[in-house]
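Single-structure report; data block below.
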Amino acid sequence: MNTKLIQLLLPLIFLTTIGVHSHGNESIVEFASIDVKNNYNSKIEAFTDDVKTSTPNTDVAFKRMAREYGIPTRLVKDFSAAKNGYYIIAGVYGDPANANKFAKKLRLNQLNPSIITHPVSKLNYVSLAQHENWKEAINSCSTAMNGKYLSEVWIMNVQGSISPQVTNTSVIDSKKLKENTRNTSKEFIRAAKENKIAGRIVPGFKGLKNGYYIVAGVYGDVQNVKSFQNKLSKISLSSKVATHPESGLNYVYIKESKDWEEAINACMSNLNGTYKDKLWIMNVFDPNKVKASGDLHILERDKKTVSEPFNKIDSKNYNPFIPSKKLKNGSSVFTNDKLLQKADLYFGKMWYAEAAELYEQVLELDPNNQSFKIIEKAGDSHYYNTNMERAYYWYDKLYTNYQNEMSAENIFKYANSSKGTGKYARAKRLMRLYDREMKKGNSRALEDLSRATPNEIVLDNILNTEETINIANLAVNTKYSDFSPMFYNDDEMVFSSAMDSSFFNTRRYKWNNQPYLDLYVAKINKESQEVKDAIKFSKKVNTKYHEASVTFSPDNQTMYFTRNNYGKKLKRDKNGNNNLKIYMSKKIDGEWTEGKELPFNSDAFSTGHPALSPDGKQLYFVSDMPGSIGMTDIFVVDVLSDGQFSEPRNLGPEINTERKEMFPFINEKKLYFSSDGHVGLGGLDIYEVAYDEEVGFLEVRNAGQPINSKKDDFSYIVDEETQKGFFASNRRGGKGDDDIYSFQRLLPEEANENAIAGVVTDLVTGEVMPEALVMLLDENNIKLKEVVTGEDGNFVFEDLESTTKYILKTVKGDYFEDEQTVDTKDNELVQTDVSLKKLKELIAIEDGIKKLKIDMIFFDFDRFYIRKDAANELHKLVEVMNEYKTMVIKIEAHTDSRGKRAYNKYLSDKRAKSTRDYLISQGISPDRIQSAIGYGEERLLNECDGTIRCTSAKHQLNRRSEFIIVKM
């Protein structure tokens with residue numbers, strides 16, 4: 001996106017769907033000269049009844065009426081697997097098994113779906129019905145298939161087909177799904193997790209075929225492997241060993257299978273009761289070893305479950321416009337250039353719904369002329385309307401064709417649309433590119449970015465946890481945008497909506513062809529959380545332009561709300577943009593006064609989304625004013641006793657990011673807001689941050705699923721005492737663009753978010769450590785859980801006790817064993833990273849003498865027993881000597897100068913012998929310890945020889961044991 005366009009968008013990103021799909025990129029433009037007049041009493045039946053086939057005229061009428069009803073459409077030519085007509089599409093799947101599952105689910109709702117497979121793209125279209133007449137198709141959609149299907153649908157208009165064959169497939173041979181593919185691997189991981197069996201997918205393992213291997217142990221030392229196999233043979237279990245070509249680790253597996261169900265059943269039965277220790281399943285999957293192979297890009301595209309254009313159809317099936325071509329009646333046809341000019345004009349005016357449709361036409365009419373700018377604007381048009389499926393499609397194509405030319409902003413939108421369509425793995429890799437601020441011309445490939453980031457761990461935790469919350473779509477929602485709920489009085493709610501009560505003269509906003517926003521008020525049933533009977537709020541507050549995002553004082557006598565900046569007409573800044581402002585209205589004699597703007601507003605920037613603190617003394621709001629950290633930030637002002645306001649203060653980088661923070665709401669305990677800059681699931685996510693009077697705002701926390709989704713989730717309000725509230729979302733299954741949902745959090749006292757997570761890395765290089773064994777022990781060193789780190793070095797232990805002390809023990813090949821004590825908190829994730837040090841790094845040369853440089857072995861005063869901290873250090877020495885089988889050492893023990901010299905000599909010798917005995921007790925052969933001699937106070941390390949006063953700490957430095965390497 002060029003600089004001019006960024007400057008155009010930045011001040012205009014407040015009223016979510018003040019243009020309503022784009023919850024963050026808003027501009028208000030006066031369109032009085034081109035207001036659309038629609039007669040809402042005119043129904044579809046007013047059109048002629050004899051329309052049976054598609055013609056240019058009927059196509060226009062069909063698209064116009066579908067747009068009126070908010071129904072997406074797509075024209076497809078030469079679809080040989082389907083008859084000409086209008087198909088109501090509920091879903092599109094790359095995997096036929098998924099299409100079949102979805103169809104079965106629909107049949108349970110008394111629907112009769114059919115599956116149509118495109119002959120070229122192989123995508124499977126699940127159709128709810130097929131109509132020859134477009135009016136019937138629109139009627140079916142608008143009545144939700146007579147109330148049987150309430151989720152989102154779209155209409156596919158098939159033209160030019162010559163082979164009317166629709167496959168009513170309902171059963172897929174399960175045997176075909178047994179072959180190890182990317183999809184079956186996913187099914188395996190899901191099933192393993194449900195049965196509490198550890199499972200890992202290994203992308204390639206030389207020497208092993210694709211399949212499922214039941215692993216009993218992983219070892220770095222071959223001797224340990226042999227010992228373990230002997231143990232297995234004693235209980236009549238035969239085993240095999242596979243050595244990983246890169247890590248060198250030896251995997252001892254007892255059984256292999258091509259069928260993951262068979263492998264899981266074997267683990268659940270403990271191999272028919274013959275093996276009682278822990279087992280896990282390794283799924284070896286090399287996509288090059290399966291028939292339907294393909295690279296990451298193609299495989300991910302094949303798994304789409306959303307609407308796609310038929311870009312894979314042969315371009316000969318299209319009839320691109322020729323500039324000089326005329327219709328038979330002499331009327332000119334739009335050239336592709338003219339379509340593009342019109343699309344650019346709409347884009348410049350921020351009429352993104354209109355622009356998106358025209359860019360789609362331009363790109364489909366001339367598949368061979370798809371420039372960077374056209375594809376980028378096609379993606380951006382859909383992105384600003386939060387049509388993430390179509391935005392992802394075009395950003396994906398942009399990446400495929402113009403990877404080296406993509407800016408960091410392109411990458412961010414590509415990542416966000418990936419999350420918005422549920423492609424979280426790809427989104428994580430893309431965010432690594434964005435985090436590194438990829439500049440134009442950077443050719444780094446996604447696949448090279450293998451190291452996980454802390455943000456990815458947070459995202460994984462969000463995805464893997466879901467609270468028990470009841471969510472319901474409100475009856476008050478319309479087919480338009482409804483959002484920004486706010487509590488009012490004891491049993492009412494005020495909210496923003498694009499619903500309209502005028503049937504004959506509805507002014508429409510060109511961003512998304514919807515009526516302008518007004519404030520409405522409705523009654524709340526506190527028991528059911530249902531909201532009904534909405535009526536327009538005060539006429540003194542609502543105007544012919546947008547009003548939204550309201551907040552009330554504690555006594556409900558003062559309100560603040562967001563509106564376009566206008567007097568007698570809209571006011572514009574130097575760039576021609578109409579910004580947003582916060583207005584205040586007072587309730588006098590039961591009536592609201594006309595709104596007055598607040599003193600910190602400006603014609604040069606926007607302010608909006610006001611939110612009062614519970615005591616009414618602070619007003620939070622959103623702005624892109626000078627001093628903002630990102631595109632929009634949350635600010636706060638003090639509401640002074642004389643009716644004035646303090647200077648605005650930015651809430652700072654802990655809350656505000658370089659992206660958008662919006663829709664604040666604050667109560668006695670927490671601040672809630674929406675953002676696309678913090679780690680989230682896609683689009684705007686809802687976040688919460690607790691407040692401490694002494695410290696201020698604490699750590700920002702994602703509200704998690706199901707409050708957040710891969711779409712935009714925002715304008716969250718809650719009663720902390722009852723844990724009931726409302727929020728808005730444009731997620732799938734709603735009635736309109738944005739819907740308001742009620743929620744109630746169930747049994748919060750039983751929620752357990754206690755977890756310990758981290759990344760295992762090499763201490764020196766910082767590289768992540770895959771296949772490290774991390775064990776969780778209690779305070780008594782009893783093992784509770786263990787996990788093998790993945791390729792990204794991550795580990796996580798969940799469902800732990802709060803405020804409890806645990807021990808993390810990490811083991812990996814030729815590295816020192818690491819042990820840490822970790823205290824869990826109260827329903828929080830504790831991040832504990834582990835750095836491992838290689839054994840050979842303990843061998844050093846000092847003054848020409850080769851020594852083992854472990855931390856010094858200290859002894860208590862006048863004692864020679866091995867302390868716990870000394871035992872931990874000596875264990876490192878044991879590890880090194882086990883690694884270097886021929887190593888021979890000698891032990892030298894020393895004391896401080898306190899006490900008699902002869903006694904010190906005796907004491908140090910006892911300490912040397914005690915150290916030797918401990919090493920022997922740990923399995924070190926006596927002939928590998930050449931000598932163990934005590935030198936008393938003969939070799940002091942400092943000046944503490946008894947002639948001067950020294951601290952206890954200085955004396956302790958002299959009480960030590962050292963290890964000299966005699967032979968390697």
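Looking only at distances, no side-chain donor or acceptor of Asn470 sits under 3.5 Å from a matching main-chain atom of Gln744. Ser585 places no side-chain N or O within donor-acceptor distance of the main-chain N or O of Glu594, the cut-off being under 3.5 Å. Ser623 contributes no side-chain N or O that, together with a main-chain N or O of Thr607, makes up a donor-acceptor pair within less than 3.5 Å. Looking at Ser549, its side chain never comes within 3.5 Å of a backbone N or O of His609 through a donor-acceptor pair. Not a single donor-acceptor pair under 3.5 Å links the side chain of Thr632 to the backbone N or O of Asp624. Not a single donor-acceptor pair under 3.5 Å links the side chain of Asn542 to the backbone N or O of Asp518. Counting only distance, with no hydrogens or angles, the side chain of Thr562 and the backbone of Gly608 share no donor-acceptor pair below 3.5 Å. The backbone N or O of Glu492 sits nowhere less than 3.5 Å from a side-chain atom of Asn489 that would complete a donor-acceptor pair.
By the side chain to side chain contact (heavy atoms under 4.5 Å, CB included) test, Ser709 is found to be paired with Lys711, Asp713, Ser729, Arg731, residues two or more places apart in sequence or in another chain being considered. Shown here are the side chain to side chain donor-acceptor pair (under 3.5 Å) partners of Ser602, two or more places apart in sequence or in another chain: there are none. With sequence neighbours excluded, no residue forms a salt bridge (Lys or Arg N to Asp or Glu O under 4.0 Å) with Lys724. Partners of Tyr149 by ring pair (Phe, Tyr, Trp, His ring centres under 6.0 Å), not counting sequence neighbours: none found. A search for side chain to side chain donor-acceptor pair (under 3.5 Å) contacts involving Glu357 returns Arg67, not counting sequence neighbours. With sequence neighbours excluded, no residue satisfies salt bridge (Lys or Arg N to Asp or Glu O under 4.0 Å) with Asp490. For Lys587, the salt bridge (Lys or Arg N to Asp or Glu O under 4.0 Å) test picks out no residue, with sequence neighbours left out. Here Phe726 pairs with nothing under the ring pair (Phe, Tyr, Trp, His ring centres under 6.0 Å) rule; sequence neighbours left out. Applying the salt bridge (Lys or Arg N to Asp or Glu O under 4.0 Å) test to Asp676 and every residue at least two apart in sequence or in another chain returns Lys660. In this structure Tyr741 satisfies the ring pair (Phe, Tyr, Trp, His ring centres under 6.0 Å) test together with Phe727, sequence neighbours excluded. Not counting sequence neighbours, the partners of Thr543 by the side chain to side chain contact (heavy atoms under 4.5 Å, CB included) test are Tyr545, Glu547, Arg563, Tyr566. With sequence neighbours excluded, the residues satisfying ring pair (Phe, Tyr, Trp, His ring centres under 6.0 Å) with Phe552 are Tyr488.
Each of Thr73, Ile89, Val92 was scored for a side-chain contact (heavy atoms from CB on, under 4.5 Å) with Met156, with one residue passing: Ile89. Screening Phe663, Phe665, Phe673, Tyr672 against Phe714 for a ring-ring contact (aromatic ring centres under 6.0 Å, His included) leaves a single residue, Phe663. Test Asp633, Val622, Leu684 against Glu661 for side-chain contact (heavy atoms from CB on, under 4.5 Å) and you get one pass: Asp633.
Within the 6.0 Å centre-distance limit, the rings of Phe600 and Phe621 are counted as a close aromatic pair. The six-membered or imidazole ring of Tyr86 lies away from that of His131, with a centre-to-centre distance of 6.0 Å or more.
When all heavy atoms are compared, the tightest approach of Ala703 to Asn708 is N-ND2, 3.7 Å. When all heavy atoms of Met493 and Pro485 are compared, the closest pair comes out as SD-CB, 3.4 Å. Between Phe347 and Ser381, the shortest heavy-atom distance links the atoms CD1-OG, 3.3 Å. In this structure, Leu612 and Thr551 approach most closely via the heavy-atom pair N-OG1, 3.1 Å. In terms of heavy atoms, Ile634 sits closest to Ile655 at CD1-CG2, 4.4 Å. Of all the heavy atoms in Ala611 and Pro664, the pair that sits closest is CB-O, 3.2 Å.
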Would Glu360 and Arg74 count as a side-chain contact (heavy atoms from CB on, under 4.5 Å) here? Give the steps.
CA-CA 10 Å; Glu360 291 270 1; Arg74 180 152 297 284; 3.3 Å; yes
Does the side-chain contact (heavy atoms from CB on, under 4.5 Å) test come out yes or no for Phe537 and Val550, once each step is laid out?
CA-CA 11 Å; Phe537 201 66; Val550 63; 5.9 Å; no
Is there a side-chain contact (heavy atoms from CB on, under 4.5 Å) between Val541 and Leu519? Walk through the geometry before answering.
CA-CA 8 Å; Val541 174; Leu519 296 176; 3.8 Å; yes
side-chain contact (heavy atoms from CB on, under 4.5 Å) assessment of Asp712 paired with Asp738
CA-CA 9 Å; Asp712 284 332; Asp738 302 306; 5.5 Å; no
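Between Tyr393 and Ser417, the closest side-chain pair of non-hydrogen atoms is not below 4.5 Å. Using a 4.5 Å cut-off on side-chain heavy atoms (C-beta onward), Val494 and Phe561 make no contact. Side-chain contact between Asp344 and Lys377: present, with at least one pair of heavy atoms (C-beta onward) separated by less than 4.5 Å. At least one side-chain heavy atom of Cys141 sits under 4.5 Å from a side-chain heavy atom of Ile88. Within the 4.5 Å cutoff, the side chain of Tyr687 has no heavy atoms near those of the Leu671 side chain. Using a 4.5 Å heavy-atom cutoff, the side chains of Lys670 and Val718 are not in contact. A 4.5 Å side-chain heavy-atom check between Ile582 and Asn601 finds at least one atom pair inside the cut-off. Leu517 places a side-chain heavy atom less than 4.5 Å from the side chain of Phe483.
Counting heavy atoms of neighbouring residues, nucleotides and ligands inside a 6.0 Å radius, atom CD of Glu591 does not exceed 12 of them.
Atom CZ in Phe62 sits 10.5 Å away from atom CG in Asn133 (nearest 0.5 Å). The distance from the CD1 atom of Ile471 to the CZ atom of Arg745 is 9.5 Å, given to the nearest 0.5 Å. How far CD1 of Ile686 is from NE2 of His678: 13.5 Å, rounded to the nearest 0.5 Å.
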